[in-house]
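Taking it in order: structure first as structure tokens, then the write-up.
From a predicted model like this one, the values you see are computed outputs, not experimental measurements.
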Amino acid sequence: MRTKLWRLVAVAIVALLALLAVGCGDSDDNSSSSAASSAAAPASDTAAASDTAAASETGAASDTGAASAAGSDTVDLTADQDVTIAMVTHGDGGSFWSVAKKGAEQAAADLGITLDYSESNNDPEKQAQLIEAEVTKGVDGIAVSAPNPDAIKDALAKATAAGIPIITLNSGAEQFADLGAITHVGQTETVAGQGAGARLKEEGVTKLICVIHEQSNIGLNQRCDGAKDGFGGDVENLQVTGTADIATTLNEIQTKLQADPSIDGVLTLNPDIAIAARDAIAGAGSSAKLATFDLSGDVIAGIKDGSILFAIDQQQYLQGYLPVVFLYLFKTNLNTVGGGLPVLTGPGFVDKSNAEAIEALAKAGTR
């Protein structure tokens, strides 16, 4: 029992240290379970964005585990119970979501609990159905991305009615409370977009396109709106097919650049789209400067070789890892975090100054 308690304490410390350090391919709809142990969460990048959400206690803590034996000085918080946390995202199995999934799996492994992970491949109706399936299973907590809150609010209401705690992640920073979630784990998309727009302006860009790769995703639109604010100049949104058809997406970006040679800046919102945009810029014979949201090994390589100026890093590994830990602590100890505010994992910048340090982690699939 003492070993399990210390494991819980260690995981909580790792999660809190990660928060102190911080400054959306192919379809993958299958659920996955994880309950093996391995290494703890990796360190964050050196371009830190401050975590403005302080941990808070909204009620008296309650031990839901079995009572300890007489004379014992430890309590086994998971005695006589199997804890299952569900994570239901709008993910597409690409380079971004594979890292978030890995974080969730690692958290479940560190805690010795079961994870049910599923993705809807950007289908809001399917995501709602996946949430309802987890409610029917009677899981102990649900972590969910919320790019289209209206599409999943009824499913989440069923979770609330069943007494299942909710945490939103990635998308939904402004809507999490309305969806009945304890907190949100992610970044403020408008603020991140403002930072990207301002930096592109500093780099001398005069006409910018913001490439949107998913329809009805409020977070992506917030990024582009923020970029317009930060850039303060000519910004046009370009809707593309997306990660389901990278070849078509590349052609759409290339066609746009060929049709308007005055475009000298491209901002993408996904690492796989960034690589398509890089190739589109080359194919169009354009000299447009490229920046992106989110990391992958290819993006890091592009930053190092100069084909990509920078990436906005929201640390999706933490967006997978932390909700599992937070829901577990709520289940076993009624702990809450955020104090009514989101728990921020970004934004931070990755550029030539720190790309080398992060490259190995990106290749390992944790950044």
Side-chain angles (χ1 to χ4, degrees), residues 24 47 49 96 122 147-148 170-175 186-243 246 248-296 299 302-303 306-314 346-352:
C24 208
F96 177 90
N122 303 311
N148 191 330
N170 183 257
S171 297
E174 286 79 23
Q175 295 80 24
Q187 70 181 3
T188 303
E189 304 293 4
T190 301
V191 173
Q194 289 170 343
R199 184 148 179 179
L200 284 165
K201 183 177 182 178
E202 292 175 0
E203 295 286 347
V205 174
T206 60
K207 188 171 185 178
L208 177 67
I209 57 171
C210 188
V211 184
I212 299 178
H213 61 281
E214 296 173 11
Q215 294 184 354
S216 303
N217 184 325
I218 60 171
L220 300 186
N221 286 286
Q222 287 168 345
R223 291 178 180 180
C224 289
D225 290 344
K228 290 178 183 178
D229 291 340
F231 188 71
D234 192 352
V235 181
E236 178 184 352
N237 291 356
L238 177 65
Q239 181 73 57
V240 295
T241 299
T243 57
I246 290 292
T248 297
T249 296
L250 189 159
N251 185 64
E252 290 166 339
I253 299 171
Q254 182 171 320
T255 298
K256 180 66 176 178
L257 294 171
Q258 290 170 331
D260 188 354
S262 68
I263 296 170
D264 58 357
V266 179
L267 177 63
T268 62
L269 311 178
N270 171 279
D272 297 332
I273 304 300
I275 300 307
R278 178 199 64 188
D279 296 343
I281 290 169
S286 170
S287 59
K289 296 178 179 179
L290 172 63
T292 190
F293 277 69
D294 305 326
L295 294 177
S296 70
V299 167
I303 292 171
S307 60
I308 300 174
L309 286 176
F310 62 84
I312 296 286
D313 182 20
Q314 60 178 307
F349 285 90
V350 177
D351 55 23
K352 279 192 172 182

Item to check | Test applied, side-chain contact (heavy atoms from CB on, under 4.5 Å); reference residue, Ile263; option that passes from Ile281, Ile209, Ile253, Leu238 | outcome: Ile209

Item to check | Test applied, side-chain contact (heavy atoms from CB on, under 4.5 Å); reference residue, Val266; option that passes from Ile308, Ile273, Thr292, Leu257 | outcome: Leu257

Is [Y] close to [X] at the side-chain level, that is, under 4.5 Å between some pair of heavy atoms?
{"X": "Asp272", "Y": "Phe96", "answer": "no"}
{"X": "Lys228", "Y": "Asn237", "answer": "yes"}
{"X": "Val299", "Y": "Ser296", "answer": "yes"}
{"X": "Arg199", "Y": "Leu309", "answer": "no"}
{"X": "Glu189", "Y": "Leu220", "answer": "no"}

Item to check | Donor on one side chain, acceptor on other, Thr206 and Asp264, under 3.5 Å | outcome: yes

Next on the checklist: Just by distance, no angles: are the side chains of Gln254 and Glu252 close enough, under 3.5 Å, to form a donor-acceptor pair?
Outcome noted: no

Roughly how far apart are [X] [atom1] and [Y] [atom2], rounded to 0.5 Å?
{"X": "Asn217", "Y": "Asn122", "atom1": "CG", "atom2": "CG", "answer": "7.5 Å"}
{"X": "Ile303", "Y": "Leu295", "atom1": "CD1", "atom2": "CG", "answer": "6.5 Å"}
{"X": "Lys207", "Y": "Ser262", "atom1": "NZ", "atom2": "OG", "answer": "3.5 Å"}
{"X": "Ile275", "Y": "Ser307", "atom1": "CD1", "atom2": "OG", "answer": "6.5 Å"}

[X] to [Y] - nearest heavy-atom pair and separation:
{"X": "Ala277", "Y": "Thr268", "answer": "CB-CG2, 3.7 Å"}
{"X": "Gln258", "Y": "Ala284", "answer": "CG-CB, 3.7 Å"}
{"X": "His213", "Y": "Gln239", "answer": "C-NE2, 4.1 Å"}
{"X": "Phe231", "Y": "Leu200", "answer": "CE1-C, 4.3 Å"}
{"X": "Gly265", "Y": "Ala288", "answer": "N-CB, 3.9 Å"}
{"X": "Phe349", "Y": "Ala196", "answer": "CZ-N, 4.3 Å"}

Checklist entry - Do Thr188 and Gln222 pass the side chain to side chain contact (heavy atoms under 4.5 Å, CB included) test, and can you show the C-alpha distance, the side-chain angles, and the key distance before you say yes or no? => result CA-CA 9 Å; Thr188 303; Gln222 287 168 345; over 6 Å; no

Using modelled atom types only, decide if a donor and an acceptor are shared between the side chain of [X] and the backbone of [Y] within a distance under 3.5 Å.
{"X": "Thr190", "Y": "Gly226", "result": "no"}
{"X": "Asp294", "Y": "Asn270", "result": "no"}
{"X": "Asp260", "Y": "Lys256", "result": "no"}
{"X": "Asp229", "Y": "Gln194", "result": "no"}
{"X": "Arg223", "Y": "Leu269", "result": "yes"}
{"X": "Lys289", "Y": "Glu203", "result": "yes"}

Checklist entry - Could you walk me through whether Glu174 and Ile218 pass the side chain to side chain contact (heavy atoms under 4.5 Å, CB included) check? => result CA-CA 10 Å; Glu174 286 79 23; Ile218 60 171; 5.9 Å; no

